[in-house]
Amino acid sequence: MIRIVKDVFCARAESPDRIRRFDMVPASGTVSIVDEHDGTGWLRTVSLEFRIYRWQPDAMSDLLLWLHFEDGGTMRIGTTGLPVRLKFEHESYIKASCKWKVPVR
């Protein structure tokens with residue numbers, strides 16, 4: 001399932017009350033969720049990709065992310081114990097992406 005991400009908010013894992021919004025290129029964000037059994041149990045992989053206009057210094061930390069979708073839904077990825085790390089590629093815009101894996105309970 002692929003959903004269009006409208007907004008991405010982030011907080012550093014060590015200061016989760018300080019939330020910032022990424023300055024995203026409109027309609028540039030997508031998320032894909034895959035659930036699979038790996039022999040020891042179910043594992044969920046969340047793949048996120050979006051483009052931003054300008055650099056955010058906090059973005060290179062261990063992060064908690066909140067995703068807001070075009071259909072009105074929301075999702076949180078990353079925890080203080082298992083945070084998200086973004087990867088950055090510099091193209092026409094800055095492409096941010098990550099793969100976050102978590103056990104499904």
> To the nearest 0.5 Å, what is the distance between CZ (R51) and CZ (F22)?
Replying inline: 14.5 Å
> To the nearest 0.5 Å, how far apart are NZ in K6 and OG1 in T74?
Replying inline: 12.5 Å
> For R54, which residues count as a salt bridge (charged side-chain N to carboxylate O under 4.0 Å, His left out) partner, sequence neighbours excluded?
Replying inline: D23
> What pair of heavy atoms forms the shortest contact from G29 to M24, and how long is it?
Replying inline: N-CE, 3.9 Å
> What's the spacing between D7 CG and L67 CG if we round to 0.5 Å?
Replying inline: 10.0 Å
> What pair of heavy atoms forms the shortest contact from L64 to P16, and how long is it?
Replying inline: CD1-CB, 3.6 Å
> By salt bridge (charged side-chain N to carboxylate O under 4.0 Å, His left out), which residues pair with E70, not counting sequence neighbours?
Replying inline: none
Distance-only check: which donor-acceptor pairs under 3.5 Å involve side-chain atoms of residues 95-105, not counting sequence neighbours?
from	atom 1	to	atom 2	distance (Å)
W100	NE1	L82	O	2.8

> How would you list, by chain and number, every residue that makes a ring pair (Phe, Tyr, Trp, His ring centres under 6.0 Å) with F69, sequence neighbours excluded?
Replying inline: none
>> Taking side-chain hydrogen bond (donor to acceptor under 3.5 Å, both in side chains) as the definition, give me every residue that meets it alongside D71, ordered by chain and number, with sequence neighbours left out.
In response: R3
> Of the non-hydrogen atoms in A13 and T80, which two are nearest, and what is the gap between them?
Replying inline: O-CG2, 3.6 Å
> About how many Å separate CG of L86 and CD1 of I94, when rounded to the nearest 0.5 Å?
Replying inline: 11.5 Å
>> Tell me which pairs pass side chain to side chain donor-acceptor pair (under 3.5 Å) where either residue lies in residues 57-69, with sequence neighbours left out.
In response: R12-S61, R20-D58, D62-R85
>> Listing request: all salt bridge (Lys or Arg N to Asp or Glu O under 4.0 Å) pairs with a residue in residues 32-42, at least two apart in sequence or in separate chains.
In response: D35-R44
> So if you build clusters from Ile, Leu, Val, Met, Phe, Trp, Tyr with side-chain heavy-atom gaps below 4.5 Å, do M75 and V34 land together?
Replying inline: no
> Which pairs count as ring pair (Phe, Tyr, Trp, His ring centres under 6.0 Å) when at least one residue sits in residues 72-92, sequence neighbours excluded?
Replying inline: W55-F88
>> Tell me the closest heavy-atom pair linking A27 and I4, and the distance in Å.
In response: CA-CG2, 4.5 Å
> Under a single-linkage definition using a 4.5 Å side-chain heavy-atom cutoff for Ile, Leu, Val, Met, Phe, Trp and Tyr, are I77 and I52 assigned to the same hydrophobic cluster?
Replying inline: yes
> Other than Y53, which residues form its hydrophobic cluster under the rule that side-chain heavy atoms must be closer than 4.5 Å?
Replying inline: V25, Y93
>> Let me check something: do M60 and V84 share a hydrophobic cluster, defined by ILVMFWY side-chain heavy atoms less than 4.5 Å apart, either directly or through other members?
In response: yes
